[in-house]
Asker: 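Just passing along the structure, written as structure tokens.
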Amino acid sequence: MNSSLLAIEFLVVVLGLGILLADLWIPSGARRGLAYAAATGLLLVLTLHGGALAPGDDTAFGGMFLVDALANYFKTLFIVATIAVLLISSGYADRLDGYGEYVALTLFALAGMLLAASANDFILMFVALELVTVTFYVLVSFQRRRQSSLEAGVKYLIFGALAAAFMVYGIALIFGSANTTNFYEIASRQAELGKSPVFVIGLLLTLVGLGFKISAFPFQMWTPDVYQGAPVPTTAFLATGSKAAGFVLLLRLAYSVVPEVMARWSHLLLGFAMATMLYGSFAALAQRSVKRLMGYSSIANAGYLLLGIGATNVTGSTAILYFLSGYVFTTLAAFAVISRVTVQDDNDDISVFAGLGNRSPLLAAAMTLALVSLAGIPPLAGFFGKFYLFKAALLQVPTSPLFLVAVLIACVSVVLSLYYYFNIIRVMYWPAQDAVDRPVTVPMAVGISLAACLAGILVVGIFPSGVIGLAHEAVAGLGTPAPEMHVQAHHAAAH
Amino acid sequence: MIVGLHHYLVVSALLFSLGLFGVLARRNLLVIYMSLELMLNAANLALVAFSRYNANLKGQVMVFFIITVAAAEVAVGLALIVALYRRRGTAHVEDLNSLRL
């Protein structure tokens with residue numbers, strides 16, 4: 001066994017505990033320093049992680065924990081997203097009582113995401129996802145003096161626990177039919193297991209749990225309310241980290257654990273993808289609350305990503321990784337601006353953006369860039385991400401014409417999304433008469449985070465080949481047979 | 001009558017459905033949490049039964065993890081109910097209506 005593989009997760013948890021301890025001695029006025037310390041610590045972890053990228057696949061804890069290229073790619077993404085979220089939250093600290101705990105909980109959620117990226121067993125998958133979800137219950141309801149934050153927390157808890165119950169029941173059925181919960185062992189017997197109805201039902205119930213995390217239709221009911229009620233930094237983290245954690249597991253299940261079963265279900269996945277895209281885009285049209293609008297936009301984006309899962313080809317998995325990288329930068333940039341504009345009177349109605357082009361031209365330009373990327377205008381990150389996802393689906397058209405229908409519906413959804421993204425831009429630059437004429441302050445930490453995210457959008461969008469290359473390497477190991485030696489060792493241990 | 005794996009699974013499926021019905025039909029937050037716990041325990045029962053009849057202890061280990069996670073979830077959930085009750089003086093889902101269009 002090789003416990004040193006868990007070094008990154010271990011360091012993140014220790015960092016979180018350190019922040020909790022330091023919180024006891026630091027005066028309440030200086031708590032922002034905790035976020036800077038945590039972000040610096042994560043930067044160090046990131047450099048350490050980058051140095052450890054080279055070695056090949058390896059497992060620890062009896063094959064439960066797997067470090068491979070896919071896990072490493074997502075871990076980088078999670079750490080980067082968390083650094084940005086911490087910096088955004090430092091500008092929001094006055095509205096978060098007990099800010100030190102907020103920073104520590106953010107780090108614990110990150111630990112859960114890192115474990116989810118490395119999960120190679122249904123047990124670890126469940127525990128890692130619950131570590132993320134239970135932490136988010138607290139992060140969502142963190143402004144406990146604000147009623148909408150509490151309500152959002154309660155709603156998230158009910159839907160989250162419901163999804164967890166479905167997932168656990170599914171895992172029980174999978175365990176009952178396969179007599180194991182290890183991904184490698186299930187992958188090596190998938191042809192036989194795929195014929196067992198108990199196994200298939202169990203897998204479907206597990207997908208319900210993952211569908212909740214990525215907010216796919218019809219498990220998206222919580223998304224708009226929770227996005228609207230939660231504090232802005234939490235919403236940003238939900239839209240990026242939590243969603244990506246769902247997708248890394250979905251990707252592993254679909255491409256490496258049970259690809260044969262998933263290929264049979266491509267129509268089902270496409271159905272979910274189409275419903276998710278249409279629901280997200282149509283519902284977003286009428287929104288006044290910007291956070292709620294971002295919630296529906298996040299649902300629509302989950303739909304595009306599901307196209308890549310349904311395609312079950314290498315282009316699809318590469319496109320998912322590429323799209324998520326661009327999406328994380330874009331969404332975080334948008335939320336960095338939203339956090340500054342809404343922080344003064346805690347109001348996220350679209351009218352608070354009125355005249356932002358005059359009040360704070362730089363913020364308005366940043367928001368425009370982020371929205372244009374989300375809408376998918378070339379040459380920004382959002383455009384190439386959607387382009388590759390649609391291409392992956394079009395490659396599958398010879399197997400089933402439904403892929404063509406799905407791509408057409410995705411195009412309709414993109415056109416609808418232009419309307420609601422550009423509506424915000426219109427409000428920013430064509431002010432109403434009664435617009436508040438108050439400048440928007442941007443603390444340095446938020447500015448750095450925003451600038452880094454904008455740079456990310458531009459780099460991912462203008463030089464796609466670099467990220468595509470990385471993503472391609474990350475998914476290259478998926479779908480190859482499990483290392484035979486390891487499976488045998490595990491069997492020997494079981495007997 | 002010999003009690004077999006199927007009997008356990010039927011009971012577990014019934015518990016799960018009962019819990020799901022409770023979550024969908026009841027309006028009190030405490031009762032909804034209880035129903036959610038029932039669903040998790042239905043999965044626990046199925047895991048223990050599979051574990052016993054397949055002679056594989058891994059299922060029992062999984063039950064420990066589920067119990068721990070459920071305890072954490074309830075701790076956070078009850079704290080939320082208390083905070084909400086202090087703000088609103090109610091624990092009914094109909095009163096959770098401040099988030100709308």
Side-chain angles (χ1 to χ4, degrees), chain A residues 121-124 126-127 129-131 133-135 137-138 140-141 144-162 164-182 198 202 205 224-229 283 286-289 292 494, chain B residues 5 9 12-13 15-16 19-20 23-24 29 32-33 35-51 53-56 58-59 61-66 68-70 72-77 79-88 91 93 95-101:
Chain A
D121 190 295
F122 279 107
I123 299 181
L124 181 57
F126 169 71
V127 175
L129 274 187
E130 285 307 295
L131 176 55
T133 315
V134 174
T135 314
Y137 299 153
V138 186
V140 167
S141 46
R144 59 178 184 278
R145 289 176 218 299
R146 222 182 84 220
Q147 193 184 324
S148 54
S149 179
L150 277 179
E151 270 192 39
V154 170
K155 281 180 183 167
Y156 193 47
L157 186 115
I158 292 174
F159 283 112
L162 193 62
F166 273 106
M167 180 181 267
V168 163
Y169 202 74
I171 294 175
L173 295 182
I174 290 174
F175 171 73
S177 53
N179 204 16
T180 178
T181 47
N182 187 279
V198 178
L205 291 178
D225 282 355
V226 173
Y227 273 49
Q228 187 186 0
Q287 296 311 316
R288 296 281 307 162
S289 154
R292 210 173 166 86
Chain B
L5 178 59
L9 292 184
S12 134
L15 278 179
F16 191 82
L20 185 59
V23 173
L24 298 176
L29 279 175
I32 290 180
Y33 282 6
S35 306
L36 286 168
E37 290 302 300
L38 202 60
M39 292 174 80
L40 287 174
N41 282 319
N44 283 345
L45 181 63
L47 275 169
V48 172
F50 277 129
S51 194
Y53 283 88
N54 290 344
N56 180 348
K58 229 179 165 181
V61 177
M62 173 105 193
V63 170
F64 279 116
F65 283 107
I66 297 173
T68 318
V69 165
E73 226 160 45
V74 165
V76 174
L80 271 178
I81 292 190
V82 170
L84 192 71
Y85 193 83
R86 283 193 184 143
R87 285 279 310 157
R88 291 290 310 263
V93 278
D95 301 317
L96 301 183
N97 52 10
S98 70
L99 297 166
R100 281 290 143 86
L101 287 179

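If you're wondering where the values come from, they're calculated on a predicted model, not measured in any experiment. In what follows, chains are A, B, ... by sequence order, proteins preceding strands, each numbered from 1.
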Asker: When heavy-atom pairs shorter than 4.5 Å are enumerated against chain B, which of A:V138, A:V134, A:V127, A:I158 gives the highest number?
Answerer: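 Highest number of pairs under 4.5 Å: A:I158.
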Asker: Could you look at A:F166 and say if it's the side chain, the backbone, both or neither that has a heavy atom under 4.5 Å from chain B?
Answerer: both
Asker: Distance-only check: which donor-acceptor pairs under 3.5 Å involve side-chain atoms of residues 36-46 of chain B, not counting sequence neighbours?
Answerer:
| from | atom 1 | to | atom 2 | distance (Å) |
| --- | --- | --- | --- | --- |
| B:N41 | OD1 | B:N44 | ND2 | 3.2 |
| B:N41 | ND2 | B:E37 | O | 3.2 |

Asker: Closest heavy-atom contact between B:K58 and A:N182?
Answerer: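 Reported closest heavy-atom pair: NZ-N, 4.1 Å.
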Asker: Highest number of heavy-atom pairs under 4.5 Å with chain A: which of B:V61, B:V93, B:V76, B:V63?
Answerer: B:V76
Asker: Write down the atom of A:R146, the atom of A:G229, and the distance for their closest heavy-atom approach.
Answerer: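 Closest approach of A:R146 to A:G229: NH2-O, 2.8 Å.
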Asker: I'd like to know if the side chain of A:S149 reaches the main chain of A:R145, judged simply by a donor and an acceptor atom lying under 3.5 Å from each other, with no hydrogens or angles considered.
Answerer: no
Asker: If you tally heavy-atom pairs under 4.5 Å against chain B, which of A:I171, A:L173, A:T133, A:L162 wins?
Answerer: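 The option with the most such pairs is A:L162.
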Asker: Relative to chain A, which segment of B:S12 carries a heavy atom at a distance below 4.5 Å: side chain, backbone, both, or neither?
Answerer: both
Asker: Given heavy-atom pairs under 4.5 angstrom as the criterion, report whether the side chain, backbone, both or neither of B:A13 touches chain A.
Answerer: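 Contact with chain A involves both backbone and side-chain atoms of B:A13.
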Asker: Verify, without hydrogens or angle tests, whether B:N56 (side chain) and A:N179 (backbone) share a donor-acceptor contact under 3.5 angstrom.
Answerer: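 Checked: pair present.
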Asker: Heavy-atom cut-off 4.5 Å, strictly under: side chain, backbone, both or neither for B:I32 against chain A?
Answerer: side chain
Asker: Write down the atom of B:E73, the atom of A:A164, and the distance for their closest heavy-atom approach.
Answerer: OE2-CB, 4.4 Å
Asker: What pairs with B:V82 under side-chain contact (heavy atoms from CB on, under 4.5 Å), at least two apart in sequence or on another chain?
Answerer: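 If we apply the side-chain contact (heavy atoms from CB on, under 4.5 Å) test to B:V82, skipping adjacent residues, the hits are B:R86.
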Asker: What part of A:L131 is in contact with chain B, defined as an atom under 4.5 angstrom from a non-hydrogen atom: side chain, backbone, both or neither?
Answerer: neither
Asker: Of all heavy-atom pairs between A:R144 and B:R87, which one has the smallest distance, and what is that distance?
Answerer: O-CD, 4.0 Å
Asker: Counting only heavy atoms closer than 4.5 Å, note whether B:Y33 contacts chain A via side chain, backbone, both or neither.
Answerer: side chain
Asker: As an exercise: rank B:A72, B:S35, B:G59, B:A55 by heavy-atom pairs under 4.5 Å with chain A and give me the winner.
Answerer: B:G59
Asker: So what's closer than 4.5 Å to chain A heavy atoms on B:I81: side chain, backbone, both or neither?
Answerer: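 It is neither, since no heavy atom gets under 4.5 Å.
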Asker: Please flag which part of B:L9 lies under 4.5 Å from any non-hydrogen atom of chain A: side chain, backbone, both or neither.
Answerer: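 For B:L9, the backbone is the part near chain A, not the side chain.
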